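In what follows, a structure is listed as structure tokens, so that the remarks can point back to it.
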Amino acid sequence: MQISLRDITKDNWVDMIDLEITKEQEKYVALPSEAIAASKFHEHYVNRGIYLGDKPIGYIQYYPNFNEGKPNEIYIDQLIIDVSLQGQGYGSKATALVLEEIKK
């Protein structure tokens, strides 16, 4: 099965908030519900669901550095892969897809 990125919409946002990470990981990333909510106040944030076929397995968020006047500098702010699928290379594949998207 192939990894793909999808926009977060009213039809799939619940899939993103159902993703699970460990309590330890919560120190380093926001929960998808928090990150999606925060993005509603920052129009330049880009949210993508990470899918394995039709199964939601992760979430990634990135944005351009408008605060410092460097719109070509992009921050990958959040990357979450569901705890049940971690360690299988999906995060690396999703990051590669996001980098291709950013280049366009």
Side-chain angles (χ1 to χ4, degrees):
M1 268 191 230
Q2 183 110 350
I3 294 287
S4 64
L5 302 177
R6 298 185 189 172
D7 287 334
I8 304 300
T9 68
K10 65 179 180 161
D11 297 321
N12 69 352
W13 72 274
V14 173
D15 293 338
M16 297 302 109
I17 65 171
D18 286 343
L19 297 169
E20 294 183 14
I21 56 175
T22 67
K23 288 290 181 196
E24 172 79 8
Q25 291 168 336
E26 288 179 17
K27 296 176 190 175
Y28 304 104
V29 294
L31 296 173
S33 58
E34 296 167 339
I36 292 167
S39 74
K40 298 306 171 191
F41 299 102
H42 303 281
E43 293 178 8
H44 56 284
Y45 280 39
V46 179
N47 300 300
R48 296 285 186 257
I50 303 167
Y51 284 78
L52 179 61
D54 285 330
K55 179 180 179 179
I57 65 164
Y59 168 78
I60 194 162
Q61 180 184 78
Y62 65 91
Y63 62 91
N65 185 2
F66 289 137
N67 289 342
E68 296 180 20
K70 300 176 183 176
N72 292 327
E73 184 177 277
I74 307 296
Y75 291 110
I76 296 177
D77 191 47
Q78 304 292 325
L79 172 59
I80 294 170
I81 299 295
D82 190 84
V83 68
S84 67
L85 295 166
Q86 291 178 7
Q88 299 180 42
Y90 297 127
S92 296
K93 290 176 185 174
T95 301
L97 289 174
V98 163
L99 292 174
E100 285 301 314
E101 185 173 291
I102 289 168
K103 288 177 187 177
K104 292 179 183 177

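In what follows, every heavy atom counts, from backbone to side chain, and hydrogens, waters and symmetry copies are set aside. All values derive from a computational prediction rather than experimental measurement.
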Under 4.5 Å between side-chain heavy atoms, counting indirect links through other Ile/Leu/Val/Met/Phe/Trp/Tyr residues: same cluster for Val14 and Tyr51 or not? yes
Margin query: Any non-hydrogen side-chain atom of Ile80 less than 4.5 Å from a side-chain atom of Gln61?
Written below: no
For Leu97 and Ser4, the nearest pair of non-hydrogen atoms, with its separation, is CD1-CA, 4.0 Å
*Heavy-atom distance under 4.5 Å between the side chains of Tyr59 and Ile8, does that happen here?*
yes
The ring pair (Phe, Tyr, Trp, His ring centres under 6.0 Å) partners of Tyr45 (sequence neighbours excluded) come to His42, Tyr63
Taken to the nearest 0.5 Å, the spacing of Gln78 CD from Arg48 CZ works out to 15.5 Å
OG1 (Thr22) and OH (Tyr28) are apart, to the nearest 0.5 Å, by 9.5 Å
When rounded to the nearest 0.5 Å, the distance separating NZ of Lys93 from CD of Gln2 is 8.5 Å
According to a 4.5 Å side-chain heavy-atom criterion applied to Ile, Leu, Val, Met, Phe, Trp and Tyr, with indirect links allowed, do Val29 and Leu31 form part of one hydrophobic cluster? yes
Residue set satisfying salt bridge (charged side-chain N to carboxylate O under 4.0 Å, His left out) with Lys27, at least two apart, ordered chain then number -> Glu24
Using side-chain heavy atoms (C-beta onward) and a distance below 4.5 Å, is Leu52 in contact with Ile3?
yes
For Val98 and Tyr62 the tightest heavy-atom approach is CG1-CD2, 3.7 Å
Side chain to side chain contact (heavy atoms under 4.5 Å, CB included) with Ile50: of Ile57, Leu19, Thr95, only one passes, and it is Ile57
Would you find a donor on one side and an acceptor on the other, under 3.5 Å apart, between the side chain of Asn12 and the backbone of Thr9? yes
query: Does Leu85 share a hydrophobic cluster with Ile21, counting links as ILVMFWY side-chain heavy atoms below 4.5 Å and allowing steps through other members?
result: no
Point to revise | Glu100/Lys103 ion pair, N-O < 4.0 Å | key: yes
Linking I/L/V/M/F/W/Y whenever any side-chain heavy atoms sit under 4.5 Å apart, do Ile60 and Trp13 land together? no
Met16 and Pro56 have their tightest heavy-atom pair at CE-CB, 3.7 Å
- prompt: Hey, are the side chains of Ile74 and Leu99 touching, using non-hydrogen atoms and a 4.5 Å cut-off?
  reply: no
Heavy-atom nearest pair, Arg6 first then Gly53, reads NH2-O, 3.1 Å
- Student check: side-chain heavy atoms of Glu101 and Val46 closer than 4.5 Å: yes
All heavy atoms of Pro71 vs all of Pro64, minimum pair found to be O-CB, 3.4 Å
